[in-house]
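Only one structure is covered here, and it is reproduced in the block below.
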Amino acid sequence: MMSEFILGKRGQRNIIGSLRSIAPDTRWHWAGWLCVTACFLILAFYGVIAGWSFAHAAKALGGVFNTLGVNQMEGHFTRHIPHPFWPVFWHLLFMGATAVIVVAGVRHGIERFSKIFMPVLLAILILLAIRSVTLNGAAAGLSFLFQPNFSKISAQTTLVALGAAFFSLGIGNGVMVTFGSYLRADTEIGGTALKVSITDTTVAIIAGVAIFPAVFALGYAPADSSGLAFITVPSVFQSVPGGALMHYLLTLLFFLLLSIAALTSSVATLEVVVATVTEEFGMDRRRAPYMIAGVMFLFGVPCALSTGAVPIDVLGMAFFDFVILLVEGLFLPVGGLLIVTFVGWRLSTQDVASVLASDGNVPWYQSGYLVLIRFVVPVLIIAVLLKTILDGL
């Protein structure tokens with residue numbers, strides 16, 4: 001993340017433009033195209049999942065979940081996913097909302113939503129976690145979440161975890177490079193990267209505590225499914241004291257805020273592609289988000305349909321799962337590898353030092369950071385990728 005901030009702050013453009021301006025007459029900008037392609041693919045499947053949150057917010061508004069028992073929640077979700085129309089419709093609505101916010105600009109479109117609504121979502125998530133761990137049988141969920149089973153860990157597991165970490169933090173795809181170009185001159189990069197990483201990890205752990213104890217307590221299968229939150233959250237809120245009205249309000253507020261949280265991530269991802277197209281090709285800033293989001297929506301339609309409505313398979317897996325594996329298992333780790341290699345070896349030590357000290361202070365971690373991105377991080381990423389390839393062969 002620090003490397004992406006440095007690259008963006010040094011280049012003052014999107015990832016392709018920054019690589020071109022810093023290293024002209026080289027092919028380093030190809031790495032930028034890889035990252036931009038990753039952003040395009042991400043929204044193709046992420047928009048589908050985020051569309052589920054839009055759909056659940058609408059259903060919560062209509063009081064659908066108040067009429068369902070705990071045993072009916074899972075069946076309700078599994079009926080929604082394979083529908084040939086509704087997942088595509090909500091995906092379209094989500095991508096349209098993303099484009100509208102990007103047109104409004106980073107400060108007015110992204111920061112305004114995040115500052116107001118994210119603290120409220122965090123408060124509800126904490127409440128959900130507290131209620132989840134007090135359910136009968138919740139201990140099994142906590143054990144499932146936190147007790148390691150080393151026999152399950154393989155190179156493939158490590159690669160998936162690496163890709164998931166890159167995806168969660170928004171690195172390896174040029175997002176932080178783009179936002180790095182928007183940072184104020186006196187922004188302290190190390191501290192910013194540390195705060196983002198700690199916050200992201202903390203919220204992820206709280207979300208896990210909110211979901212998995214409830215999964216076991218309510219008798220659901222702890223499958224590897226992005227739909228767990230959509231099944232367990234309404235069920236847990238049904239057990240919160242306060243009656244049907246409290247359940248209705250909490251469920252509605254949660255899915256509304258979850259939709260907004262999904263929008264903040266999608267806006268950041270779409271901004272990478274929009275910044276690239278407008279800065280590199282001169283496309284109008286007001287029209288570019290709609291055109292790009294439209295193309296992303298079309299590519300996402302097979303993702304939406306392959307979750308159940310239409311059997312679209314690639315290499316023996318659903319198209320939806322294939323795109324996720326391609327992004328998290330290949331594009332993001334390779335993109336991250338290329339970025340740290342560029343910052344570590346192509347940028348001079350003086351360039352890195354000047355950006356790190358942009359707030360007027362020479363950071364104590366500067367030398368350690370350079371050692372990490374030059375020797376440790378690249379070796380680890382390459383080792384994971386090679387081990388996975390060899391295991392596959």
Side-chain angles (χ1 to χ4, degrees), residues 1 3-4 31 34-35 37-38 41-42 44-46 48-49 139-173 197-198 200-216 220-229 231-232 303 306-308 311-341 344 371-393:
M1 185 179 297
S3 297
E4 293 205 18
L34 176 71
C35 293
T37 303
L41 294 175
I42 285 171
F45 71 83
Y46 185 78
V48 174
I49 299 175
L142 291 173
S143 177
F144 176 83
L145 182 61
F146 291 112
Q147 184 175 332
N149 184 349
F150 294 104
S151 66
K152 299 289 186 180
I153 297 177
S154 64
Q156 182 66 28
T157 310
T158 308
L159 181 65
V160 171
L162 181 69
F166 273 53
F167 179 82
S168 180
L169 290 169
I171 53 180
N173 57 8
S197 301
I198 291 176
D200 178 83
T201 305
T202 302
V203 173
I205 292 173
I206 294 173
V209 172
I211 298 299
F212 284 101
V215 167
F216 281 81
Y220 297 126
D224 179 18
S225 170
S226 51
L228 283 177
I231 298 170
T232 58
C303 288
S306 68
T307 57
I312 306 174
D313 293 344
V314 179
L315 299 179
M317 65 183 75
F319 184 74
F320 178 84
D321 297 323
F322 171 76
V323 175
I324 293 178
L325 180 62
L326 185 66
V327 171
E328 293 191 353
L330 180 63
F331 276 58
L332 297 186
V334 172
L337 173 64
L338 292 173
I339 289 171
V340 295
T341 301
V371 171
L372 284 174
I373 64 167
R374 286 175 176 172
F375 303 105
V376 180
V377 175
V379 170
L380 290 176
I381 295 178
I382 291 172
V384 172
L385 290 171
L386 287 179
K387 184 66 167 62
T388 303
I389 293 171
L390 292 175
D391 285 353
L393 297 175

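Reckoned from all heavy atoms, side chains included, excluding hydrogens, waters and symmetry mates. Just so it is clear, the model here is predicted, and its values are computed rather than measured.
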message: Using the ring pair (Phe, Tyr, Trp, His ring centres under 6.0 Å) criterion, which residues pair with Phe146? Sequence neighbours excluded.
response: none
message: Give me the atom names and distance for the closest heavy-atom approach of Leu337 to Thr341.
response: O-OG1, 2.7 Å
- request: For side-chain contact (heavy atoms from CB on, under 4.5 Å), just list the numbers for Leu332 and Ile42, CA-CA rounded to whole Å, side-chain angles, deciding distance to a tenth of an Å, and then say yes or no.
  value: CA-CA 10 Å; Leu332 297 186; Ile42 285 171; 4.3 Å; yes
statement: Of all heavy-atom pairs linking Leu41 and Val323, the shortest is O-CG1, 3.8 Å
task: For Val376, check side-chain contact (heavy atoms from CB on, under 4.5 Å) against everything at least two apart and list the hits.
output: Leu372, Leu380
- prompt: Which heavy atom of Ala155 sits nearest a heavy atom of Val384, and at what distance?
  reply: O-CG1, 4.3 Å
- request: Could you tell me which residues satisfy side chain to side chain donor-acceptor pair (under 3.5 Å) with Asp200, sequence neighbours excluded, listed by chain and number?
  value: Ser168
- prompt: Got a sec, which residues hit ring pair (Phe, Tyr, Trp, His ring centres under 6.0 Å) with Tyr220, two or more places apart in sequence or on another chain?
  reply: none
query: Does a side-chain heavy-atom distance below 4.5 Å link Ile339 with Cys35?
result: yes
- request: Indicate the atoms forming the closest heavy-atom contact of Leu162 with Pro333, along with that distance.
  value: CD2-CB, 4.0 Å
Heavy-atom check, side chain of Leu385 versus side chain of Leu159, under 4.5 Å: yes
- prompt: For the residue pair Asn173 and Ala38, what are the closest heavy atoms and their distance?
  reply: CB-CB, 4.2 Å
task: Could I get the full list of side-chain contact (heavy atoms from CB on, under 4.5 Å) partners for Phe216, not counting sequence neighbours?
output: Ala140, Phe144, Pro222
message: I'd like to check Val327 versus Tyr46 (side-chain heavy atoms, cut-off strictly below 4.5 Å). Are they in contact?
response: no
field: Heavy-atom pair with the smallest gap, counting every atom of Thr232 and Ala214
entry: CB-CB, 4.4 Å
- request: Please identify each residue that fulfils ring pair (Phe, Tyr, Trp, His ring centres under 6.0 Å) with Phe331, with sequence neighbours left out.
  value: none
field: Donor-acceptor contact below 3.5 Å, side chain Ser306 vs main chain Cys303
entry: yes
query: Does the side-chain contact (heavy atoms from CB on, under 4.5 Å) test come out yes or no for Ile312 and Phe320, once each step is laid out?
result: CA-CA 8 Å; Ile312 306 174; Phe320 178 84; over 6 Å; no
